[in-house]
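Positions are given from 1 along the sequence. The figures here come from the full heavy-atom set of this structure, side chains too, leaving out hydrogens, waters and symmetry mates.
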Amino acid sequence: MKESLVSIIIPAYNEENFLEETLKSVYSQTYENWECLIIDDGSKDKTAEISKSWCSKYTRFQYIYKENGGVSSARNLGIEKCKGEFICFVDADDWIEENYIVAP
């Protein structure tokens, strides 16, 4: 039986100081069937550069840019674009434990 796809949505606005650690924690998940959408909410720092670097290395990461509209609009865009049966949100300045996602 195939595991359900889990979509991890990360809204990010000027998070260059924290984003790398957040993405490392997502990548380290023991549950393997996930996708991660980084929704850049109009950042003016290196958020895009960091995000695109991860996307070029790992196909489960996706970068989406939008004009600044706030965290709710970024999350809503992530919901529209994701493909997962289940969705979770992680803030760009947080990290998650490796067993954060468990088999649904």
Side-chain angles (χ1 to χ4, degrees):
M1 184 170 140
K2 186 175 178 181
E3 292 182 324
S4 298
L5 178 64
V6 175
S7 295
I8 304 166
I9 299 171
I10 302 177
Y13 178 73
N14 292 341
E15 294 291 350
E16 70 180 357
N17 295 325
F18 306 102
L19 186 58
E20 190 81 31
E21 291 302 314
T22 302
L23 298 179
K24 283 180 188 176
S25 74
V26 169
Y27 183 74
S28 298
Q29 290 304 294
T30 55
Y31 185 84
E32 295 183 356
N33 195 21
W34 55 264
E35 65 173 355
C36 180
L37 285 73
I38 308 159
I39 312 297
D40 183 347
D41 192 31
S43 297
K44 308 265 187 254
D45 65 357
K46 294 183 180 179
T47 294
E49 181 180 321
I50 295 165
S51 300
K52 290 176 182 178
S53 172
W54 275 80
C55 292
S56 70
K57 293 179 204 170
Y58 308 107
T59 59
R60 291 191 282 178
F61 288 89
Q62 181 181 355
Y63 173 77
I64 300 169
Y65 178 86
K66 64 177 282 310
E67 293 295 321
N68 183 262
V71 68
S72 294
S73 69
R75 286 182 179 140
N76 287 337
L77 180 59
I79 291 169
E80 289 175 24
K81 300 289 185 181
C82 74
K83 298 175 185 154
E85 183 178 352
F86 297 94
I87 299 172
C88 66
F89 299 101
V90 175
D91 290 337
D93 61 351
D94 286 340
W95 66 90
I96 53 178
E97 296 294 329
E98 66 184 18
N99 61 349
Y100 180 75
I101 301 171
V102 294

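The minimum heavy-atom distance between L19 and S51, with the atom names listed, is CD2-OG, 3.4 Å.
Residue I8 is grouped with residue I50 when hydrophobic side chains (ILVMFWY) are merged at heavy-atom distances under 4.5 angstrom, including chains of intermediate members. L37 and I79 fall within a single hydrophobic cluster, where Ile, Leu, Val, Met, Phe, Trp and Tyr side chains are chained together by heavy-atom contacts under 4.5 Å. Under the 4.5 Å side-chain heavy-atom criterion for Ile, Leu, Val, Met, Phe, Trp and Tyr, I10 and I101 are members of the same hydrophobic cluster.
Taking the salt bridge (charged side-chain N to carboxylate O under 4.0 Å, His left out) definition, one finds that K52 meets it with nothing, sequence neighbours left out. By the side chain to side chain contact (heavy atoms under 4.5 Å, CB included) test, S28 pairs with no residue at all, sequence neighbours left out. With sequence neighbours left out, N33 forms a side chain to side chain donor-acceptor pair (under 3.5 Å) with no residue at all. With sequence neighbours excluded, no residue forms a side chain to side chain donor-acceptor pair (under 3.5 Å) with Q29. Partners of S53 under the side chain to side chain contact (heavy atoms under 4.5 Å, CB included) rule, at least two apart in sequence or in another chain, are K57. For Y13, the side chain to side chain donor-acceptor pair (under 3.5 Å) criterion is met by no residue, not counting sequence neighbours. Looking at residues two or more places apart in sequence or on another chain, you find a side chain to side chain contact (heavy atoms under 4.5 Å, CB included) between F61 and L23, V26, Y27, W34, C36, I38, W54, C55, Y58. Among residues two or more places apart in sequence or in another chain, the side chain to side chain donor-acceptor pair (under 3.5 Å) test is passed with K46 by none.
Atom CG in N99 sits 5.5 Å away from atom OG1 in T30 (nearest 0.5 Å).
Among residues at least two apart or in separate chains, salt bridge (Lys or Arg N to Asp or Glu O under 4.0 Å) pairs with a member in residues 15-43 are E21-K24, D41-K66.
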Name each donor-acceptor pair under 3.5 Å that joins a side chain in residues 83-97 to protein atoms two or more places apart or in another chain, with its distance.
unit_1, atom_1, unit_2, atom_2, d
E85, OE1, S4, OG, 3.0
D91, OD1, R75, NH2, 3.0

